[in-house]
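See below for the structure under consideration.
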Amino acid sequence: MELFQAKDHYILQSGDKALWWSRRDGAVEVRPATDLLLAWNPICLGLAEGVIGKMQLHADLPLDLVLIRQKALVGKLPGGHEVYKITKIAVIPLSEDEPQDLELELCKKHHFGINKPEKISQSPDDSKFLLKTLSQIKSNVAVPIKKKVKENKEKERLEKRLLDELFKIFVDSDSFYYSLTYDLTNTVQRQCDTEKSGLPLWQRVDDRFFWNKHMIQEVPQVDFWVIPIVQGFVQVEELIVNYNEASDEERSSPDTPPHEVTCVDDIHPRFTVALISRRSRHRPGMRYKRRGVDKSGHVANYVETEQLIHVHNHTLSFVQARGSVPVFWSQAGYRYNPRPRLDKGEKETVPYFTAHFEEQLRIYKKQVIINLVDQTGREKLIGDAYLKQVLLFNNPSLTYVSFDFHEHCRGMKFENVQTLTDAISDIIMDMKWAWVDQAGVICQQQGIFRVNCMDCLDRTNVVQAAIARVVMEQQLKKLGVMPPEQPLPLKCYRMYQVMWANNGDTISRQYAGTAALKGDFTRTGERKLAGVMKDGVNSANRYYLNRFRDAYRQAVIDLMMGIPVTEDLYSIFTKEKEHEEKEKERQRGQQEQVSLLLQTYMQLLLPDDEKFHGGWALIDCDPSLIDATHKDVDVLLLLSNCAYYVAYYDDEADKVNQYQRLSLEGLEKIEIGPEPTLFGKPKFCCMRLHYRNGETSGYFHTLRALTRNPEDDGKGMQSKITLQKLWHCSLCPSPGQPLPVHWQRGAHHSFRHPGHQL
């Protein structure tokens with residue numbers, strides 16, 4: 001469709017239909033395409049794919065028209081229905097001001113041989129300075145000039161910040177999808193049950209997932225213009241069941257799977273698998289801004305995920321849901337991994353908990369809760385409150401299953417999730433799935449699994465993928481696509497893992513701002529050190545995003561939903577000016593963050609028979625290998641009771657590319673002191689670990705922690721004492737006895753017990 005700019009209107013035209021948007025008051029009306037002849041000097045700005053709606057980012061700013069600027073075909077669902085992802089949007093202020101460069105694709109009809117659209121030049125009559133009266137000029141002079149300039153700058157800055165967040169919400173997170181012919185908001189089963197089959201698409205949608213409902217309200221309810229948009233994830237793949245084809249890792253990497261699968265002949269069955277996730281528009285928002293339940297019974301991060309299998313004329317659907325624990329709880333997001341707290345008592349929570357599950361049971365009939373929060377530690381408070389509410393609700397259609405994910409999968413053994421799927425296998429089989437063909441409904445799903453952890457992101461995605469795999473294999477065996485005793489072929493399984501990992505990453509970016517923390521297991525089936533390290537980076541990113549960006553993003557999401565913004569966005573600018581204090585606080589938070597990351601994730605890394613004593617985020621300062629002046633943390637040094645680990649982190653690749661496990665028996669000595677230098681004072685305090693490889697000595701690692709101030713001996717001594725407390729002699733009969741250090745200014749220092757010759 002073509003977008004025109006006239007003196008008083010923006011006009012969106014497709015075929016014989018046109019929408020006219022007033023640039024004065026934002027009013028919209030449907031008019032015949034021929035009325036374009038009545039517009040004052042209409043100029044074609046380019047092509048748009050559809051209307052998302054309109055919104056006002058702030059009371060001080062004009063209304064904006066939001067259009068789909070560019071789309072990408074995701075795939076075709078059963079029946080040939082095309083699904084598109086919104087890849088770019090255009091935001092046009094509905095004011096008399098000139099729009100910014102929209103970068104719309106130019107239509108060949110109006111822009112033959114032209115690279116950029118023309119802009120309308122205002123007539124002299126429209127020049128505001130000629131229309132001002134003497135009294136207006138006097139009043140303007142009376143206003144302090146500096147104050148007006150400051151207000152304008154703040155307004156421009158706020159508009160730019162909010163627009164940036166709006167673009168990022170639509171573009172960076174791969175979040176928004178639509179179809180012109182398929183109802184993405186409803187499952188296959190609900191589509192069969194609905195009595196609205198004869199109505200237009202936008203009138204058949206599930207209201208929970210109609211994300212642009214508020215933005216489109218003032219658009220005339222004409223079927224052609226209203227496009228229901230969902231936030232979530234969609235991926236469609238065609239797979240071939242071929243047990244003779246070996247997995248080619250070079251040609252079919254899990255990270256970059258092929259989009260086209262070819263088969264030499266037709267003896268191998270094919271099937272289409274689609275994954276559709278729909279995020280609820282109720283209680284939307286960012287991780288630390290939206291937790292738990294609200295007073296309408298809606299919960300944060302509620303996502304319904306449907307897995308579709310299509311073989312010939314048969315379509316099979318299996319649905320699961322995730323959502324925050326439906327009690328009133330929160331986390332003050334100003335520290336890394338803040339402690340959760342309950343905001344209302346047990347009795348106060350009951351009616352809202354009841355409202356949530358009454359709606360769930362009305363929609364899904366039965367529900368099986370799978371609660372993955374830790375049954376010890378800081379998460380126990382939320383898990384206990386959840387269980388108490390379930391017991392008070394006391395509904396036979398609600399089943400509660402608790403599975404301490406971190407306890408069962410300790411040591412990165414995420415394959416232990418099979419313990420859960422085995423335990424609930426009877427429930428999975430009893431729940432069944434939806435099954436339809438050309439003749440109609442063959443079978444219906446009886447209830448759903450409602451899976452949650454604290455954030456309903458990482459652990460939740462691993463468990464949902466495991467349950468969905470069990471169901472998919474049963475479905476394919478029922479259809480005769482898979483042999484009864486065979487697992488899914490490796491190549492199919494790899495693609496399946498990639499789809500669920502992509503699903504987890506996308507949902508995580510929408511709620512927390514970063515990819516899922518355990519995506520490497522979902523993607524490959526193996527938990528590796530590289531994945532643990534990437535988790536650390538993502539956790540750090542979540543902490544940063546919450547501190548500095550979530551307020552603006554939450555405001556934009558609320559405005560999209562028509563929810564009043566309670567936070568004074570202008571006041572955030574004032575807070576941002578306190579840069580020095582925030583920087584100091586950031587550094588303190590970074591130290592806490594590194595400590596928690598090392599403790600949390602290295603406990604997962606170490607085997608059960610090794611005891612974790614501590615770790616350091618360090619910098620490799622071996623001058624023979626790298627530039628010793630760089631400041632990025634690129635080494636993790638981890639200590640257990642019998643070994644130490646040196647893991648090298650590649651910041652550009654965002655992963656650990658290699659690591660070494662070295663026995664303490666091979667450690668010869670540890671030297672700590674200022675770096676050797678011929679000129680000037682040493683800048684860094686370094687540590688050198690000498691070890692032997694087999695019977696050969698002379699190997700070492702050279703590492704440093706922080707920039708050393710030579711005039712501040714106290715800090716250097718504190719660093720030495722900290723290391724002394726954590727390193728222990730492996731040859732000492734009493735474990736835990738620290739190694740003494742003989743400190744000499746300007747020299748390296750060895751950690752070892754007298755008489756113990758390593």
Side-chain angles (χ1 to χ4, degrees), residues 187 189 275 277 302-309 316-326 357 360-361 363-375 379 382-384 386-387 389-391 393-410 413-435 443-454 456-478 482 484-485 487-488 493 496-497 500 503-504 518 521-522 525 527:
T187 63
Q189 184 162 314
L275 207 55
S277 284
Y302 185 89
V303 181
E304 179 188 79
T305 300
E306 180 180 22
Q307 180 176 279
L308 293 174
I309 304 294
L316 292 81
S317 159
F318 183 72
V319 179
Q320 301 179 78
R322 68 179 77 192
S324 189
V325 174
F357 275 106
Q360 292 291 293
L361 296 177
I363 297 170
Y364 301 109
K365 311 307 179 189
K366 296 179 181 178
Q367 200 150 65
V368 179
I369 297 169
I370 299 183
N371 184 15
L372 305 175
V373 303
D374 296 348
Q375 295 175 24
E379 295 184 3
I382 305 302
D384 288 350
Y386 198 179
L387 178 57
Q389 291 295 326
V390 171
L391 294 174
F393 187 55
N394 192 25
N395 191 305
S397 298
L398 196 65
T399 303
Y400 181 88
V401 177
S402 181
F403 182 80
D404 191 329
F405 185 96
H406 286 147
E407 179 63 29
H408 285 86
C409 301
R410 186 178 176 83
K413 296 178 180 177
F414 290 164
E415 64 273 13
N416 288 350
V417 170
Q418 187 175 346
T419 305
L420 172 63
T421 56
D422 289 345
I424 62 173
S425 59
D426 290 343
I427 299 176
I428 296 174
M429 293 301 102
D430 290 342
M431 191 174 288
K432 303 178 184 177
W433 52 78
W435 184 353
C443 179
Q444 288 193 331
Q445 184 173 335
Q446 306 294 321
I448 64 166
F449 288 103
R450 185 196 191 278
V451 187
N452 74 273
C453 50
M454 290 296 283
C456 304
L457 296 176
D458 316 314
R459 291 171 275 183
T460 296
N461 202 64
V462 171
V463 169
Q464 284 193 337
I467 294 172
R469 180 192 176 186
V470 173
V471 173
M472 182 174 69
E473 289 185 345
Q474 290 296 324
Q475 290 172 334
L476 293 176
K477 289 173 183 177
K478 279 276 187 184
M482 275 176 58
E485 304 301 324
L488 198 64
Y493 180 50
Y496 169 82
Q497 288 176 308
W500 272 96
N503 178 67
K518 295 172 178 64
F521 176 78
T522 314
R527 187 69 171 142

Would you name the heavy atoms of [X] and [Y] that are closest together and state the gap between them?
X      : Y      : answer
Asn395 : Ser397 : OD1-N, 2.8 Å
Gly323 : Asn452 : O-CB, 3.4 Å
Val417 : Cys409 : CG2-SG, 4.0 Å
Val373 : Cys453 : CG1-C, 3.7 Å
Trp433 : Cys443 : O-SG, 3.3 Å
Ser324 : Cys456 : N-SG, 3.5 Å

### Task
Indicate whether the side chain of Glu306 and that of Ser317 have a donor and an acceptor atom separated by less than 3.5 Å.
yes

### cation_pi(Arg469, Tyr496) dist<6.0 Å, angle<=45
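Geometry flag: not set, cation outside 6.0 Å or 45°.
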
### Task
Report the residue from Leu398, Ile424, Thr399 that forms a side chain to side chain contact (heavy atoms under 4.5 Å, CB included) with Val368.
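Exactly one pass, corresponding to Thr399.
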
With distance as the sole test, does [X] use its side chain to make a donor-acceptor pair with the main-chain N or O of [Y] at under 3.5 Å?
X      : Y      : answer
Asp404 : Gln375 : yes
Asp374 : Glu379 : no
Gln445 : Gln189 : no

Measure the [atom1]-[atom2] distance between [X] and [Y] for me, rounded to the nearest 0.5 Å.
X      : Y      : atom1 : atom2 : result
Met472 : Lys477 : CE    : NZ    : 11.0 Å
Ser402 : Tyr386 : OG    : OH    : 10.5 Å
Phe449 : Ile370 : CZ    : CD1   : 5.0 Å
Ile428 : Phe318 : CD1   : CZ    : 6.5 Å
Thr460 : Leu372 : OG1   : CG    : 5.5 Å
Glu304 : Tyr364 : CD    : OH    : 3.5 Å

Are [X] and [Y] close enough that some pair of their side-chain heavy atoms sits under 4.5 Å apart?
X      : Y      : answer
Met482 : Leu488 : yes
Phe357 : Pro326 : yes
Trp500 : Thr305 : yes
Val401 : Leu420 : yes

### Query
Checking side-chain hydrogen bond (donor to acceptor under 3.5 Å, both in side chains) against Gln464, which of Arg322, Gln307, Arg459 comes through?
Arg322

